[in-house]
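Let me begin by presenting the structure, written as structure tokens, before commenting on it.
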Amino acid sequence: VTLGQGFFTARGTQTLTMNGMITNTYALLQLSAAGTVNTSQIYTGTAGQRLTLINGVNQSIVITDTGWLKLSGNITLG
């Protein structure tokens with residue numbers, strides 16, 4: 001899938017830093033980072049809102065299964 005072409009178009013972009021908060025009010029967010037980053041902080045705005053994260057760079061972006069995130073384990077994008 002290429003962002004900006006066809007069905008999927010990035011509705012937002014965000015550059016992450018280590019332990020930075022992912023914030024977005026759209027359903028689709030393209031992430032970038034200067035190096036490998038980890039975070040467990042995601043804010044979407046409203047309960048039940050769906051958010052799809054896409055890694056737009058050649059770096060590992062790790063969503064960690066800690067705190068209030070309830071995942072099946074850490075998720076690595078990239």
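On a predicted model such as this, the values are computed, not experimentally measured, just so you know.
- One distance of note links CD1 of Ile22 with CD1 of Ile61; it measures 7.5 Å at 0.5 Å rounding.
- To the nearest 0.5 Å, the span separating CG on Leu29 from OG1 on Thr52 amounts to 9.5 Å.
- Summarising the geometry, atom CG belonging to Leu16 is positioned 5.0 Å from atom CG belonging to Leu31; distances are rounded to the nearest 0.5 Å.
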Val37/Gln59 under side-chain contact (heavy atoms from CB on, under 4.5 Å): CA gap, chis, key distance, verdict = CA-CA 8 Å; Val37 295; Gln59 301 290 344; over 6 Å; no
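- Considering all non-hydrogen atoms of both residues, Val57 and Ser32 come closest at CG1-CB, 3.5 Å.
- Residues Leu51 and Leu71 fall within the same hydrophobic cluster, defined by Ile, Leu, Val, Met, Phe, Trp and Tyr side chains chained together at heavy-atom separations under 4.5 Å.
- Remark: the backbone N or O of Gly20 is paired with a side-chain donor or acceptor of Thr39 at under 3.5 angstrom.
- Counting all heavy atoms, side chain and backbone alike, Ser40 lies closest to Thr64 at CB-OG1, 3.1 Å.
- In terms of modelled atom types and a separation under 3.5 Å, the side chain of Thr15 and the main chain of Ala33 share no donor-acceptor contact.
- Between the OG1 atom of Thr13 and the CD1 atom of Ile54 there is a distance of 11.5 Å, given to the nearest 0.5 Å.
- When all heavy atoms of Met21 and Gln14 are compared, the closest pair comes out as O-NE2, 2.7 Å.
- Here the closest non-hydrogen pair linking Thr76 and Val62 is OG1-CG2, 3.8 Å.
- For the pair Asp65 (side chain) and Asn74 (backbone), a donor-acceptor distance under 3.5 Å is absent.
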